[in-house]
Amino acid sequence: MAVLFVTGTGTEVGKTVTTAAVAAAALRQGRSVAVLKAAQTGVGPAEPGDAAEVERLAGALTVAELARFPEPLAPETAARRAGLPPVRPSEIAEAAAKLAASHDLVLVEGAGGLLVRFDDDGHTLADAARLADAPVLVVVQAGLGTLNTTALTALALRTHGLDCPGVVVGSWPAEPDLAAHCNLHDLPTAAGAPLLGVLPEGSGALPPHAFRAAAPAWLAPELGGTGAFVPRSFAAEPAVAAR
């Protein structure tokens, strides 16, 4: 995969930390990596955005940002309210292609979920991924409700003719409940794609050197993992409740 889009089943599910983990694993393999943030919202002109956070955690890589809007809203809404031009799918695809010409891996991080509007024509990250002819990795939550949002995102990907190589749990709780335990087994069915990673809760708060050393063990080999990734190692099998 020269270009890989990263989306989520919603906001605050761990897209940025997951992007950083995949980048760190690739860098550890000696690959050159670029991270493209299609539209950064909710930060000021001098504040570090998501792409900068990926670089801080993962290490030396190329970062690019197509647009920045100050309010923490959907890209189309944030652009309209700021009186700025929106980001078009063609711009995202073109920027990804240019980065791919000089990098082994380009990670394109979306904003919010897959079908969040980027412009006033209703275009989304799915449209950009289709133009780029790139697969889309889906970052999901661990707990109750994630099977529905994962299945809906997977359906949207299929509707747009997009390939999903797999899903990653963006934040595995330190004390997982029954739903989280069961979801490790059920998420591949809901997604119609394999579980390719589980990131422990608080991973993004690790010191960069510790994050880089640990990241490959959180990911399956398909995402540059070491092969040590075993979903069940993140939690014991839950006991059946007594009737």
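Just the heavy atoms: all of them, side chains too, but no hydrogens, waters or symmetry mates, feed the values below. Residue indices begin at 1 and follow the sequence shown.
- For the atom pair His103 NE2 and Ser32 OG, the distance stands at 5.5 Å (nearest 0.5 Å).
- The two residues Leu219 and Leu223 make their nearest non-hydrogen contact at CD1-O, 3.8 Å.
- Remark: the Asn183 side chain and the Thr146 side chain contain no N/O donor-acceptor pair separated by less than 3.5 Å.
- Not one N or O on the side chain of Gln40 forms a donor-acceptor pair closer than 3.5 Å with the backbone of Glu65.
- Arg56 and Glu53 are joined by a salt bridge, as a carboxylate oxygen and a charged side-chain nitrogen come within less than 4.0 angstrom of each other.
- In this structure, Leu196 CG and Cys164 SG are separated by 8.0 Å, a value rounded to the nearest 0.5 Å.
- Residue Glu12 places its CD atom among 12 or fewer non-hydrogen atoms of other residues, nucleotides or ligands, all under 6.0 Å distant.
- If you chain together hydrophobic residues whose side chains sit under 4.5 Å apart, Leu162 and Leu115 fall into the same group.
- Between Leu105 and Val22, the shortest heavy-atom contact is CD2-CG1, 4.3 Å.
- Residues Val33 and Val63 share a hydrophobic cluster, clusters being chains of Ile/Leu/Val/Met/Phe/Trp/Tyr side chains in contact below 4.5 Å.
- The distance from atom OG1 of Thr9 to atom NZ of Lys15, rounded to the nearest 0.5 Å, is 8.5 Å.
- Remark: of the listed residues Thr18, Val17, Thr153, Thr150, Thr18 is the sole one forming a side-chain contact (heavy atoms from CB on, under 4.5 Å) with Val139.
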CA sep, side-chain torsions, deciding dist, call: Leu184, Leu195, side chain to side chain contact (heavy atoms under 4.5 Å, CB included):
CA-CA 8 Å; Leu184 281 186; Leu195 181 64; 3.8 Å; yes

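- No more than 12 heavy atoms of other residues, nucleotides or ligands sit less than 6.0 Å from atom CG of Asp133.
- Glu109 and Thr16 share a side-chain donor-acceptor pair at under 3.5 Å.
- Side-chain atoms of Asp127 never come within 3.5 Å of backbone atoms of Arg130 as a donor-acceptor pair (strictly under, hydrogens ignored).
- Residues Ala129 and Val136 approach most closely at CB-CG2, 3.7 Å, considering heavy atoms.
- The distance from the CG atom of Leu125 to the CZ atom of Phe5 is 5.5 Å, given to the nearest 0.5 Å.
- Side-chain contact between Glu91 and Arg88 is present, with at least one heavy-atom pair separated by less than 4.5 Å.
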Step-by-step side chain to side chain contact (heavy atoms under 4.5 Å, CB included) determination, Leu99 to Leu36:
CA-CA 9 Å; Leu99 289 169; Leu36 173 64; 4.1 Å; yes

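- Side-chain contact between Val169 and Leu199 is absent, with no heavy atoms from C-beta onward closer than 4.5 Å.
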How far apart are the C-alpha atoms of Val140 and Thr149, what are their side-chain angles, what is the distance that settles it, and do they pass the side chain to side chain contact (heavy atoms under 4.5 Å, CB included) test?
CA-CA 8 Å; Val140 306; Thr149 55; over 6 Å; no

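- For the pair Asp163 (side chain) and Pro135 (backbone), a donor-acceptor distance under 3.5 Å is absent.
- Side-chain contact check for Val116 versus Thr124: every heavy-atom pair is 4.5 Å or farther apart.
- Linking ILVMFWY side-chain heavy atoms closer than 4.5 Å, directly or via other members, places Leu206 and Leu61 in a single hydrophobic cluster.
- Checking side-chain atoms of Arg212 against main-chain N and O of Leu57 turns up a donor-acceptor pair under 3.5 Å.
- Between Val54 and Ala23, the shortest heavy-atom distance links the atoms CG1-CB, 4.3 Å.
- No donor-acceptor distance shorter than 3.5 angstrom exists from the side chain of Lys37 to the backbone of Ala64, with no hydrogens or angles considered.
- Remark: side-chain polar atoms of Asp121 are not paired, donor with acceptor, to backbone N or O of His123 under 3.5 angstrom.
- Using a 4.5 Å heavy-atom threshold, the side chains of Thr77 and Phe69 count as separate.
- Listed here is the closest heavy atom pair of Pro216 and Arg28: CG-CD, 3.5 Å.
- Of all heavy-atom pairs spanning Ala142 and Ser171, the tightest one is CB-O, 3.8 Å.
- With rounding to the nearest 0.5 angstrom, the OG atom of Ser203 is 6.5 Å from the CZ atom of Phe211.
- Looking at heavy atoms from C-beta onward, Leu187 lies out of side-chain contact with Thr189 at the 4.5 angstrom threshold.
- At least one side-chain heavy atom of Val108 sits less than 4.5 Å from a side-chain heavy atom of Ile92.
- Taking a cutoff of 4.0 Å between a charged side-chain nitrogen and a carboxylate oxygen, Glu76 and Arg80 qualify as a salt bridge.
- A distance of 10.0 Å separates OG1 of Thr226 from CD of Gln29, quoted to the nearest 0.5 Å.
- Counting heavy-atom neighbours within 6.0 Å of Leu84 CG, excluding the residue itself, gives a total above 12.
- Using a 4.5 Å heavy-atom cutoff, the side chains of Leu157 and Leu114 are in contact.
- Considering only heavy atoms from C-beta on, Thr41 stays 4.5 Å or farther from Pro70 through its side chain.
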